[in-house]
Number of protein chains: 4
Amino acid sequence: MSPATAPRGRPRSAERRVAVLRAASSLFQEVGAAQTSIDAIAARARVAKQTVYRWWPSKAAVLAECAVEGYLTLPSFHAPATGDPRADLTAWLEESYDALETPRFLELFRALNEASGSDPVIAAQLDRVFARQLRQAIRGMLDAAFDAGALRPGIDLDVVTQLLIAHVSAAVTQRADRGDIPALVAVLLHGIGAGPRSRGAPMDTEEPR
Amino acid sequence: MSPATAPRGRPRSAERRVAVLRAASSLFQEVGAAQTSIDAIAARARVAKQTVYRWWPSKAAVLAECAVEGYLTLPSFHAPATGDPRADLTAWLEESYDALETPRFLELFRALNEASGSDPVIAAQLDRVFARQLRQAIRGMLDAAFDAGALRPGIDLDVVTQLLIAHVSAAVTQRADRGDIPALVAVLLHGIGAGPRSRGAPMDTEEPR
Amino acid sequence: MSPATAPRGRPRSAERRVAVLRAASSLFQEVGAAQTSIDAIAARARVAKQTVYRWWPSKAAVLAECAVEGYLTLPSFHAPATGDPRADLTAWLEESYDALETPRFLELFRALNEASGSDPVIAAQLDRVFARQLRQAIRGMLDAAFDAGALRPGIDLDVVTQLLIAHVSAAVTQRADRGDIPALVAVLLHGIGAGPRSRGAPMDTEEPR
Amino acid sequence: MSPATAPRGRPRSAERRVAVLRAASSLFQEVGAAQTSIDAIAARARVAKQTVYRWWPSKAAVLAECAVEGYLTLPSFHAPATGDPRADLTAWLEESYDALETPRFLELFRALNEASGSDPVIAAQLDRVFARQLRQAIRGMLDAAFDAGALRPGIDLDVVTQLLIAHVSAAVTQRADRGDIPALVAVLLHGIGAGPRSRGAPMDTEEPR
DNA sequence: TGTTAAGCGAGACGGTACGTCAGGTCTTGCT
DNA sequence: AGCAAGACCTGACGTACCGTCTCGCTTAACA
């Protein structure tokens, strides 16, 4: 349909593009995003600095593309979906905490977060890929629980997902105490409000046997 | 007790200290923390650059001290405590979202967050002041609700506080949709788990009358 | 007589050649030769940069061709030839000084000079055109004077021409004081050596009446 | 008398100044001024690039200061002063031509000339030193000749000096043919104008015996 | 009344990275 | 083969900011 105006001039070299992304990824993971300069990326990619600047407006943009294109070794965003929300949530939270305790990942998370903050376009780009993955994982977990009859109907699962992501994200900056996980799961499962069932009966953080 | 060996030499000038903090604060708020250089702070404070470096190890430290000493105009961290947790939570969340929609505050938040990330000492310093304030405010809100019998006993209020702070912090980076507030509050109040009371009865986000 | 092997492929476009020369000339005169880049020339000529490089090895070559082909507005190199060497020389020197006081010309002169310095081929090319013109003009002036009996026979007029050109060229860099013209003319006419006629009689810079 | 406002701040390091001048001089002479970058100067001087830029606005300024301060090996500007103008002029011109045939010097001359053209301040600076030296040398030569009675009185020696400098300078760009020297000297000594003495008698370029 | 130790203003300095510019070359597809 | 378009490499540019240093001067407590 649309002839799309045949591209003129020498086409962009796909080879150099991946060279840059590869070089950048390795540097980001070796010395950290903050310590990586555009010069260093270009040098390692054996590419002229101008070629980097031609295609990416900033280091943050390179970082984002690296992340989106899967050049960074990031923890996988899967979540168990056994149908038991307490167990699944606990497992997912612990795994997430683990990832954040890996300094390499923590630094990448921070850098990606900062990149998001610096440019809404990058934020959207990263959100489109990562948050979506995360959301799907968590959603799968919650759906399984729902199917098992373990969730109350009518819940806005997106909100729950947001809450979980936020909690883990916050752990990047603030200290995260894994001892709090059971209490957190309990709050998520039962809420904080007094209901007919719970009033007067101190809730235990352990599953009632 | 110990006379602490009276300090020798010319004592630190309190005047220059506040000059620096004032200059830094105004620059942080005018052009943003990222765009503010130490040179600029020193120049505006009519102080030698070395004087800044003598007392603060980094720009982040200056920023933190500005925040802690109240030189930055930040939104107050109070929360209503009427005893009605649904109303209080909703009001507090809305107010928080408002603050984050102010670009000036948003940038400061980001900068403070980054400062926390860069240095654990600064993180602790900021936490001691802000998180404490926030925690107290939220705690007051929750305590009032508890006293009114609106909360289930046995809840780990610290965990709830953390969750709320995390949610709002995350909104700095990710987009926050205020339309989600009712659903969020509902999840917090009732939890997501199926209980005897709720099974089969779709939960409404409004309090059942 | 050799048919010179008919050229294969698309022949050189005369149209683009003049486009380049025109664009270059206008840029040279508008912003100066030093401030003109090949990219800018190509862009203004609506020609690919490679097309410039295909036919001219350097910016200096383009400049030289502009000059030789008459695309640059340069002062005309005529000289009066009334037969009165004092008057003619004075007039020609004054006119030359005038041209050098026009910043536009001065810059072009400098650029042409530098181009000559950078490449002997260009130097020869420019010399063939300009110096020849100049030499002819001056030669005409001197010949007329000689015919009028105002010059001593046996003079190497080429040397005189060289001397005059050198004097004017030097004025490009060093400051030229037009007040010196009479003295200069006097030196040229009478020489500096003591002769039978002049010894003891202070030479005046004005023609003795 | 004048307190001259005591200099404040860390004083300029004389050591680095000479380091820069030395490094620049050696580079200028090794690879030529055009091929020398500020980065290279700073690197060889083991000095930060900013330190160069702090004190010299351009490479031309560095070059000029190198020349003025005597860091460049330039031909000495002396001239014989035997009292015989023909011999002295001839000797001086030949020596000058020699210098210009040394590629190293020729390039330096060109660079200095270009530097003069780029900035009037530099031009004045160089003129103050070099032209003055040259003028003195030539003047000495002419004065000796005058004292020996070989020069006509009333000559503007400055003009002659200018003429000579111009002639040699022009030889930088245009080809200089040493075979012309005798004719040139003859013109200078006797002038080109017909005088009572010379009319009808073809002037020889050799001293009449 | 010095003497001594530190604070301080001013600004030079080494260092690193920045983002841009210009000169040339190369790679498409079209003429 | 000429040519437009534009990617690409190379190398230099001039600037910004960092954190340190080196002056001379000031301000106190100490001797």
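Both backbone and side-chain heavy atoms feed into the values below; hydrogens, waters and symmetry mates do not. Within every chain, numbering begins at 1; the chains are lettered A, B, ... in the order of the sequence lines, protein sequences first and strands thereafter.
Taking atom CH2 on W56(B) and atom C1' on dG7(E), their separation rounds to 13 Å, with Å as the unit. Residue R46(C) contributes atom CZ, which lies 12 Å from atom P of dG6(F) at whole-angstrom precision. What separates CD1 of I38(C) from P of dC21(E) is a distance of 17 Å, to the nearest Å. Remark: P of dA12(F) and CZ of R44(D) are 13 Å apart, rounded to the nearest angstrom. We find that NZ of K59(A) is positioned 15 Å from P of dT16(E), with the value rounded to whole Å. What separates OH of Y53(A) from P of dA17(E) is a distance of 11 Å, to the nearest Å.
The nearest heavy atom of DNA chain F to R8(D) and to D39(B) marks one nucleotide each, and the one closer to the 5' end goes with D39(B). Both Q35(B) and S13(A) sit near DNA chain F, but only S13(A) has its closest nucleotide nearer the 5' end. Comparing P11(D) and A40(C) against DNA chain E, the residue whose closest nucleotide sits nearer the 5' end is P11(D).
At the phosphate of dA28(F), neither OP1 nor OP2 sits under 4.0 Å from any side-chain N or O atom of R12(B). Taking only side-chain nitrogens and oxygens, T51(B) comes nearer than 4.0 Å to OP1 or OP2 of dG9(E). For the OP1/OP2 pair of dA12(E) and a distance below 4.0 Å, the side-chain nitrogens and oxygens of W55(D) include no atom meeting the criterion.
Taking every side-chain heavy atom of V47(B) into account, dG9(E) is the closest of dG9(E), dC18(F), dC3(F). Here the side chain of R16(A) is nearest to one of dC13(F), dC9(F), dC8(E), namely dC9(F).
In this structure, R17(B) reaches neither bases nor backbone, as no heavy-atom distance under 4.0 Å exists between it and the strands shown. Across all strands, R54(C) comes closer than 4.0 Å to base atoms (heavy-atom distances).
Test R16(B), R10(B), R17(B) against S13(B) for side chain to side chain donor-acceptor pair (under 3.5 Å) and you get one pass: R16(B).
Using a 4.5 Å heavy-atom cutoff, the side chains of W56(A) and L21(A) are in contact.
The two residues V62(A) and A24(A) make their nearest non-hydrogen contact at CG1-CB, 3.5 Å.
No N or O donor and acceptor, one from the side chain of Q50(A) and one from the base of dC9(F), sit under 3.5 Å apart. For R10(D) against dA12(E), a side-chain-to-base donor-acceptor contact under 3.5 Å is present. A donor N or O paired with an acceptor N or O is not found under 3.5 Å between the base of dG15(E) and the side-chain atoms of K49(D).
Side-chain N or O atoms of R104(C) include one that pairs as donor or acceptor with a backbone N or O of Q29(C) at under 3.5 Å.
Within 6.0 Å of CZ in R12(A) there are more than 12 heavy atoms belonging to other residues, nucleotides or ligands.
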